[in-house]
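Only a predicted model underlies this, so the values are computations on that prediction, with no experimental measurement involved. Keep in mind that the numbers below use all heavy atoms, side chains included, and drop hydrogens, waters and symmetry copies.
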Amino acid sequence: MKYEKMIQSILKEVGGQENIENVYHCATRLRFQLKDETKANDEAVKAIDGVLSIVKGGGQYQIVIGQHVADVYNELQTMMGTTENEIELKDAKEFKQEMKKKKISSQFIDVISGVFTPVLGMLTATGVIKGLLAFLAATGLLATTSGTYQMLNIVGDCFFNFLPIFLGYTSMKKFGGTPFIGMAIGAALVYPSLTTIMAGDALYTLFSGTIFQTDVYVEFLGIPVLLMNYASSVIPVILTCYFAAKIEKFFAKRISDLFKTFAVPALTLLISIILAFLIIGPIATFASDLLGAAFTALFNLNATISGFLYGALIQVCVMFGVHWGFVAISVNNLATLGYDPITIAGLASAFGQAGVVLMIMLRTKNKKLKSVCGPAIISAMVGITEPSIYGVTLQFKKPFMLACLASGIGGAIIGFGGVKQYVYGTNGIFGWLQVINPQTGFDSSVLAAIIACAVSFIAAIILMMTVGKDSIPESK
């Protein structure tokens, strides 16, 4: 195996396989949950060839590998002799005990990262496809009425539209339940007949004259069901799966093995899905709408300052692995508002890092550092900044801070220009596709986004040539 030596060293230095409670990966990191983090030898892990750095945050021991992390993870699974389910699944009791040991903030980050990490690749991939379609439509290269556009639109829409099904899987896995029960819950929330029912005449209206005004189309045992559009939703399915995992565990302990195979999932689905439609779904939907509106209003108080702060600090959040809260906000805004004006302010941050790394590469005489800089710049340009941060800028401190400052300048331009993202995606040049409004095409905000990225890149170069020239390692 290609990474066998590196993986053996990682297993040894994190305290052995017996010290690993859970492990999965994101775009660039192996994310371990260790039984005893004190058994891990931080310096020894950092010294392993192929490891860029380590990060501790959200109850996780994160080892930064780079873009080939998926290959390393697959070999790790093979060497440990486990399957994904065997190493990741815990029952509800273990999950609850684990959560009690952590701070509230760590619990939140751990849950959000566990739920969203497995789906981010597909969200980004389909987002890029949707962005390309928006580009083709805006330029007139492809008519929105053509069969080609409609087929490609299905490819781009399929994952996000049925997101509750996939989040049902990852949520139940995270909460210690059966993942396929979570998928069934997600499927119920986006069941096709719901659209037909909601297209008919309402029986009556509840909460008239308030922001919670809702038409009632059906009743369940005489109880009004507040049907919502759960397509692309986030919070309803996660909350429902949280309760479903507890319900499943409750029945699993009390039902005979003779009937358990079908009785436990049947009872879990009946109770959790009914609860979802009657209580959890409506409350979660109202909360989602309010959350999106609140963050948007807060950002709009002064979009320029907010954009600067977000742009300058997002890479610091990435560095500590605590950026997952913003991922949840972004996906929720896209589902409830149809766009996100907040996290797009970090679009230029990749260019700030790339500009700083370019100057280091041009100045340094260290061959090893030069060899790291080239791929790091390319990675940053397509939105993956960890190789730049951990492989280059962070180790010299000031270049990292200057990259953040340059990114903040770009973020301020994005905020001032009223830039919004309409599909989930990545930073870097592919991020420009996210800001094309599917309805209006190219407008001033698209130009503002491109200008912001260019300004961040140029500002990073100027800052390194002036303020940061003494920090560029010539021979280190």
Side-chain angles (χ1 to χ4, degrees), residues 58 89-93 95-96 98-100 102 104-120 123 160-191 194 211-212 214 220 223-251 265 267-295 324-337:
L89 284 178
K90 307 181 187 69
D91 64 32
K93 183 177 179 181
F95 175 80
K96 185 176 180 180
E98 180 185 309
M99 288 295 101
K100 282 183 176 179
K102 301 178 181 180
I104 296 297
S105 58
S106 294
Q107 292 179 26
F108 174 76
I109 293 169
D110 181 70
V111 170
I112 293 300
S113 63
V115 170
F116 281 98
T117 294
V119 302
L120 283 183
L123 272 176
F160 193 67
N161 190 68
F162 295 101
L163 185 60
I165 297 177
F166 304 103
L167 290 184
Y169 182 95
T170 59
S171 296
M172 281 296 277
K173 177 179 280 191
K174 183 61 184 175
F175 296 138
T178 301
F180 285 107
I181 292 179
M183 292 185 73
I185 292 170
L189 292 175
V190 294
Y191 195 69
L194 294 175
I211 60 173
F212 303 114
T214 307
F220 177 78
I223 303 172
V225 180
L226 306 184
L227 293 180
M228 306 284 179
N229 181 8
Y230 295 113
S232 306
S233 62
V234 175
I235 298 179
V237 68
I238 295 175
L239 286 180
T240 303
C241 286
Y242 173 77
F243 288 104
K246 292 179 176 295
I247 294 169
E248 182 187 12
K249 184 64 176 179
F250 175 84
F251 286 118
L267 290 169
T268 302
L269 285 175
L270 277 171
I271 295 173
S272 58
I273 291 176
I274 290 172
L275 282 175
F277 282 120
L278 292 180
I279 301 173
I280 300 173
I283 292 176
T285 300
F286 290 141
S288 299
D289 293 341
L290 289 173
L291 183 67
F295 275 106
W324 290 103
F326 294 111
V327 172
I329 291 170
S330 178
V331 176
N332 182 70
N333 282 346
L334 290 172
T336 57
L337 302 175

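Partners of L278 under the side chain to side chain contact (heavy atoms under 4.5 Å, CB included) rule, at least two apart in sequence or in another chain, are F220, I223, V225, I274. For L194, the side chain to side chain contact (heavy atoms under 4.5 Å, CB included) partners two or more places apart in sequence, or in a different chain, are Y191, L227, F277. For the side chain to side chain contact (heavy atoms under 4.5 Å, CB included) test, no residue two or more places apart in sequence or in another chain qualifies with L270. Residues forming a side chain to side chain donor-acceptor pair (under 3.5 Å) with S330 (at least two apart in sequence, or on another chain): D340, T343. Under the ring-ring contact (aromatic ring centres under 6.0 Å, His included) criterion, F162 pairs with no residue, sequence neighbours left out. The side chain to side chain contact (heavy atoms under 4.5 Å, CB included) check on P224 picks up Y204, L206, V216, with sequence neighbours excluded.
The side chain to side chain donor-acceptor pair (under 3.5 Å) analysis of residues 176-189, with sequence neighbours excluded, yields the pairs T178-E248.
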Q. What's the verdict on side-chain contact (heavy atoms from CB on, under 4.5 Å) for T214 and F286, showing C-alpha distance, side-chain angles and the deciding distance?
A. CA-CA 11 Å; T214 307; F286 290 141; 3.7 Å; yes
Q: Give the intermediate values and the outcome of side-chain contact (heavy atoms from CB on, under 4.5 Å) for residues V331 and L334.
A: CA-CA 5 Å; V331 176; L334 290 172; 5.5 Å; no
Q: Starting from the C-alpha separation in whole Å, work towards a yes-or-no answer on side-chain contact (heavy atoms from CB on, under 4.5 Å) for L267 and I247.
A: CA-CA 8 Å; L267 290 169; I247 294 169; 6.0 Å; no
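To the nearest 0.5 Å, atom CG of residue L163 and atom CZ of residue F116 are 7.0 Å apart. Atoms CD1 and CG, from I273 and L269 in turn, are 4.5 Å apart once rounded to the nearest 0.5 Å. Between atom CE of residue M172 and atom CG of residue L167 there is a gap of 13.5 Å, rounded to the nearest 0.5 Å. The line from CG of L189 to CG of N229 is 10.5 Å long, rounded to the nearest 0.5 Å.
For the residue pair P179 and K173, the shortest heavy atom distance occurs at CG-CB, 4.2 Å. Considering all non-hydrogen atoms of both residues, I165 and G186 come closest at CG1-C, 3.7 Å. Of all non-hydrogen atoms in A276 and T240, the two that sit nearest each other are CB-OG1, 3.6 Å. Closest approach of S272 to I185, counting heavy atoms only: OG-CD1, 3.6 Å.
Using a 4.5 Å cut-off on side-chain heavy atoms (C-beta onward), V111 and F175 make contact.
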Residues 231-239 side chain polar contacts: donor-acceptor under 3.5 Å, at least two apart:
from, atom 1, to, atom 2, distance (Å)
S232, OG, F160, O, 2.9
S233, OG, Y230, O, 2.6

